[in-house]
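Input: a single structure, listed below in structure tokens.
Naming convention: chains lettered A, B, ... in sequence-line order (proteins, then strands); numbering from 1 in each chain.
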Amino acid sequence: MIKEKLAEILRQALVEACENGKMGPLTKADAESGTIAIVIEKPKSAEHGDFACGMALKMATLVKTSPLRIAETLAEYIGKSKAVESGAIAKITVAAPGFINFTLGTAWLTEVISDVHRQTTAYGRSTTGAGKKVLVEYVSANPTGELHIGHGRNAVFGSCLSNLMKFGGYHVDQEFYINDYGEQILHLGRCAWALYQRLLGKEVEYPAEGYPEEFLRDFVQKVVDAHGDKYLQSGEQGPSVVGDLVKDLIIENQKALLQNLGIKFDDWYSERSLHASGKVADVLKEFDKHGFTYEKDGAYWLKAQELGDERDRVLRKSTGATTYLANDAAYHLEKYRRGYDLVINIWGADHHGQVPGLKGAVRALGQDPSKLEVVLTQMVNLSRDGQTVKMSKRAGTVIMLSEVVEEVGVDATRYYLAESSPQNTINFDLDLAKKTSRENPAFYIQYAHARCCAILRRAMEPVVNAETGKTDQPPFSQTQWQEFLQEYQAGGEVFTALFDSDSTIAGHQKALIARLELFPEEVEEALKTRLPGRLARYAYDLANDLQKFYEVSRVITDQLSVSKARLGLIFATKQVLSNALGIIGVSAPERM
RNA sequence: GCGCCCGUAGCUCAGUGGAUAGAGCUCCCGCCUUCUAAGCGGGAGGUCGUUGGUUCGAAUCCAACCGGGCGUACCA
């Protein structure tokens, strides 16, 4: 990355300056120790060059000289570096109050385009993850109802984060935890059993506060269609038998919807299996062994307060049933034992109160709580016609995830849910998400990708003229294109034509290249902050740069060297758009 | 009450220690004989919730306060 190269040059300049006693009391050792941070940034305004460094400002107190003087001294030493001699850096300026500004020459810029051509789908990948094993658990919705937009957010975020981390060199497993145990599942059984009997002509009462009948009826009907009245005589077993069949159908339903959204889990982990295998019972013993439990009021408690929670928590109720915390602790112990280096949970923010309890439990079990990361996603408000759609089941205004996907499509749904940082509440505008114009970023980015494809087609595929019916031959043959690709990968000369263009065009081309160069860094930053949404915004900016360039300049001209260079740039842009869209899981169409 | 999250243009949001705080939408004005106008350019629009502190420098860090959301179970 160019930033790293510049930082290295600055470091070298600093070392030399110190060596020659030009940095006050600072010695060569100080300069080499790395205690002085060298941060390269992109200036907001183009008149400050392509890159800038404000290190002189921070050094002023150490060196006991004005920042401007320090910057000038450093600039002087940089001027002697190879990068300047070779033309990689075209200009170095010093600006008040002490910024060092760099303007790049052509060498590093053309290198960026070749890099994309050489690496294609791997451009931007990093080795940060170094093959570390990560488990990302998300959605984990109860198998008792429909997925709503909040689940959708959680699902899309989890999927994007997983994609990102794979791109960043991690080995990622994605998991859905099925809450198929406990009171709510028994309740589902009672509701399903009542409906089952009703559908077969028996008059029974529907349980109070039952799950919505209109939602369950279709699933129960399927059970009737498949098994008829086979379970009618099941007696006491009825609720659990029919309930399980319905539960499985609901899970299948959730699975299908998530798959439609481009999400595929490596494992669907059953909570019930934890009980069946005795792992929940084991975890209680484990807590006991570490001395973090006590009995009170007939219940079995975890000393959670000692472990960082605000109060102690019950592990086993006086009724003998284990609590959610105990089950979850067993599940997480299981995750740790499976050998993950990192365990990431994506939870709705309404569960944030449970984080200290779970972390405490992990610690009590002798595991490292720093390996457990919980990402909390805030809620999603849906709006239509400028009005918030109130999520009221009673008023019948509740809109489910399936309806949103059906209405605005997979790509727009994913884009809008991916773009925002998890800690922000999302206002999902249904009207906006459906628009096919610049207002809708998802569309805008895809349009830019399709436009690149259109140009490339034009360059090398015959076009049938609609009016004359004649076939127009393209300027370049497939064979020539293959030769171009070779040249692009080799780099250097082939792209210099880009910088011979007039200043407006050259400026737009340079901006586009600079954006391509930024991609690996954006990936790195997104990985570090666990914010895949950055890449959604990056893709938008890249699309914008492409459109600006497209507007001022033709790609295919009557000059071979120019056409060739620009086609290479367009191809690289298309590739990076596609890589970025791939991480957020939005398709990159060839035509629109 | 306590805990977590949020507060930046009329709206939706970027920006988390640096130069004149940025985009899109909305409103106004321009741009299609030529690779996709599903596009591009220009204009208008701001006490960065408030007050204090740290710093050469604060939207960004700290403290208090104000406003909004969520949570605060022997539910899951």
Sugar-phosphate only, base, or nothing, as touched by A:Ser140 at under 4.0 Å among non-hydrogen atoms: nothing
Touch class at under 4.0 angstrom, heavy-atom based, for A:Arg554 against every strand present: base
List, with names and distances, any nitrogen or oxygen atoms from the protein found under 3.5 Å away from nitrogen or oxygen atoms belonging to nucleotides 37-39 of chain B.
unit_1, atom_1, unit_2, atom_2, d
B:A37, OP2, A:Arg451, NH2, 2.2
B:A37, OP2, A:Tyr550, OH, 3.2
B:A38, N6, A:Met592, O, 3.4
B:G39, OP1, A:Arg438, N, 2.3
B:G39, O2', A:Arg451, NH1, 3.4
B:G39, O2', A:Glu551, OE1, 3.3
B:G39, N2, A:Glu551, OE2, 3.2

Aromatic ring pairing A:Phe519/A:Tyr538, orientation class (parallel under 30°, perpendicular over 60°, tilted between): tilted
OP1 or OP2 of B:C75 under 4.0 Å from side-chain N/O of A:Lys317: yes
Touch class at under 4.0 angstrom, heavy-atom based, for A:Ala450 against every strand present: base
Distance-only donor-acceptor test, A:Ser318 side-chain atoms vs B:C74 base atoms, 3.5 Å: yes
Smallest separation among heavy atoms of A:Gln305 and A:Asp312, with atom names: N-OD1, 3.0 Å
Phosphate OP1/OP2 of B:C13 contacted by A:Asn427 side-chain N/O (<4.0 Å): yes
Side-chain donor/acceptor of A:His352 to base of B:G3, under 3.5 Å: yes
Pair A:Glu209 + A:Arg190: basic N to acidic O under 4.0 Å: no
Sugar-phosphate only, base, or nothing, as touched by A:Arg316 at under 4.0 Å among non-hydrogen atoms: nothing
Sugar-phosphate only, base, or nothing, as touched by A:Ala321 at under 4.0 Å among non-hydrogen atoms: nothing
Watson-Crick or G-U stems of RNA chain B, 3 or more pairs, under 3.5 Å, by first number: B:1-7 with B:66-72, B:10-13 with B:22-25, B:27-31 with B:39-43, B:49-53 with B:61-65
Any A:Asn424 side-chain nitrogen or oxygen under 4.0 Å from OP1 or OP2 of B:A14: yes
Touch class at under 4.0 angstrom, heavy-atom based, for A:Glu271 against every strand present: sugar-phosphate
B:C29, syn or anti by chi within 90 degrees of zero: anti
Short side-chain N/O contact to B:C40 OP1/OP2 from A:Asn544, under 4.0 Å: yes
Cationic N near anionic O, under 4.0 Å, A:Lys3 to A:Glu524: no
Check: B:A76 base within 3.5 Å donor-acceptor of A:Gln354 side chain: yes
Touch class at under 4.0 angstrom, heavy-atom based, for A:Lys435 against every strand present: nothing
Atom pair distance, as rounded to whole Å: CH2 in A:Trp347 and C1' in B:A76: 12 Å
Touch class at under 4.0 angstrom, heavy-atom based, for A:Asp309 against every strand present: nothing
